[in-house]
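This report refers to the structure that appears directly beneath it.
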Amino acid sequence: MQAQPFAHLSRHWLLAVFTLAAFALLIKLSYWQWQRAEQKQTQLDQLQTAEQQGPVQWRDLASVPVEQQDGLMLQGKAVWLKPAVWLLDNQLIQGKAGYDVVIPVLVSNQGPAVLVNLGWVQAPPSRDQLPELSIPESFELMALLRTELKGFRLGQNLEDTGLWPQRMQQVEPAELSQVLGQELYPGLLYQQQSPYLYHYKAVVMPPEKHRAYALQWLLLAVAVVVIGWFMSKKEL
């Protein structure tokens, strides 16, 4: 007969613990989305500043502080280090599967080689086939530089068949440098004029959307506390 108060107390504590745990999780998610919004805004501000400054010659890149290089528009004479070509896998454009064509080039015979994303090409119907590529041996570079390269892959990155082109899951300059046997600049250039489709977006999800998600998680956290409070009153 005396077990009922303890059972009641136990339920009360379980409710309190669950409410606090849910509140903490939702607050953490809200804060994370707010941080993502700030990071995206910083990226957009840096890209806008770089755009206002105008194109920079590749030979002048070394004079720019490393932390300010991301987002620059670069110019120069690019020479393809043939026959190296990598196909960035799993690139969907308007529901169609394809690849981004990535090649190493020397620019104006200055500094290390650099990777250039020439844009998107549609994949053949069969996975056993690779697209036929027409790559200029040299071209005028007008490309956006990104030094913040992030991605996700499972298992091995490169599909090394001993032939070119080769598929890859994400751009990793350090790994590709070993394959090429030559130093590569730790970044990626997105060429704006090429035989292939330019589709790069610096920010896929804008800061405003992240802030909206942050507010959503915050409101859910408040709702959890309110619901928990009403339920505790009923328990009493």
Side-chain angles (χ1 to χ4, degrees), residues 35-88 91 100-120 135-153 157-158 165-166 168-207 210:
Q35 283 185 313
R36 293 290 292 154
E38 293 300 308
Q39 292 169 359
K40 294 290 182 68
Q41 190 62 57
T42 299
Q43 289 184 33
L44 289 174
D45 291 343
Q46 188 168 344
L47 288 170
Q48 185 177 12
T49 300
E51 183 179 358
Q52 291 172 350
Q53 292 174 348
V56 174
Q57 292 294 325
W58 175 259
R59 62 176 177 269
D60 298 327
L61 181 62
S63 63
V64 180
V66 175
E67 64 275 9
Q68 297 178 17
Q69 292 182 4
D70 186 50
L72 291 177
M73 187 65 68
L74 293 175
Q75 288 181 321
K77 181 75 171 181
V79 178
W80 173 33
L81 295 177
K82 55 188 307 186
V85 182
W86 289 283
L87 297 175
L88 185 60
Q91 303 299 305
D100 275 5
V101 181
V102 179
I103 63 171
V105 301
L106 284 176
V107 185
S108 303
N109 294 321
Q110 298 287 330
V114 63
L115 297 170
V116 178
N117 186 320
L118 294 177
W120 182 86
I135 297 175
E137 294 190 8
S138 64
F139 55 92
E140 289 297 325
L141 188 72
M142 178 61 73
L144 176 69
L145 172 63
R146 295 312 310 264
T147 59
E148 299 293 332
L149 302 181
K150 298 178 181 179
F152 176 78
R153 66 180 174 93
N157 184 33
L158 291 173
Q166 297 177 2
M168 64 180 175
Q169 292 192 39
Q170 67 182 40
V171 179
E172 297 182 357
E175 181 181 12
L176 301 184
S177 176
Q178 293 179 357
V179 176
L180 191 63
Q182 185 166 343
E183 182 185 2
L184 283 172
Y185 176 85
L188 179 63
L189 288 168
Y190 289 88
Q191 173 70 358
Q192 295 194 332
Q193 295 179 351
S194 84
Y196 306 105
L197 177 65
Y198 181 87
H199 67 100
Y200 176 71
K201 292 182 180 180
V203 174
V204 178
M205 184 182 293
H210 284 288

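Along the sequence shown, residues carry numbers from 1. Only heavy atoms go into these numbers, but all of them, side chains included; no hydrogens, no water, no symmetry mates.
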Please report the closest heavy-atom contact between Trp86 and Met168, naming both atoms and the distance. CB-CE, 3.6 Å

Specify the closest pair of heavy atoms between Ala84 and Pro104, including all atoms of both residues, with the distance to one decimal. O-CD, 3.3 Å

Nearest-0.5 Å distance that lies between atom CD in Gln166 and atom CG in Leu176: 9.0 Å

Under 3.5 Å, side chain of Gln75 to main-chain N/O of Glu140, donor-acceptor pair present? no

What heavy-atom pair brings Gly71 and Leu144 nearest, and what distance separates the two atoms? O-CD1, 3.3 Å

Indicate yes or no for a side-chain donor-acceptor contact from Gln191 to the backbone of Met142 under 3.5 Å, with no hydrogens or angles considered. yes

Starting from the C-alpha separation in whole Å, work towards a yes-or-no answer on side-chain contact (heavy atoms from CB on, under 4.5 Å) for Val116 and Val102. CA-CA 5 Å; Val116 178; Val102 179; over 6 Å; no

Any side-chain heavy atom of Val56 within less than 4.5 Å of one from Met73? no

Rounded to the nearest 0.5 Å, what separation is found between the CD atom of Gln178 and the CG atom of Leu184? 10.5 Å

Please round to the nearest 0.5 Å and tell me the distance separating atom CD of Gln91 and atom CG of Asn117. 8.0 Å

How long is the gap from CG on Leu115 to OH on Tyr185, to the nearest 0.5 Å? 11.5 Å

Sort out for me which residue in Val105, Leu106, Val114 forms a side-chain contact (heavy atoms from CB on, under 4.5 Å) with Leu81. Leu106

Would you say Trp80's side chain and Ile135's backbone share a donor-acceptor pair under 3.5 angstrom? no

Heavy-atom pair with the smallest gap, counting every atom of Leu88 and Gln169: CD1-O, 3.4 Å

Should the pair Tyr200 and Tyr190 be assigned to parallel (<30°), tilted (30 to 60°) or perpendicular (>60°) ring geometry? parallel

CG/Leu118 to CG/Leu189 distance, rounded to the nearest 0.5 angstrom? 10.5 Å

Find out whether Leu61 and Leu145 are in side-chain contact, i.e. whether some heavy atom of one side chain is under 4.5 Å from a heavy atom of the other. yes

Are there more than 12 heavy atoms of other residues, nucleotides or ligands under 6.0 Å from atom CD of Gln182? yes

When rounded to the nearest 0.5 Å, the distance separating CG of Leu180 from CD of Glu175 is 12.5 Å

In short, Ala78 meets Leu141 closest at the heavy-atom pair CB-CB, 4.3 Å

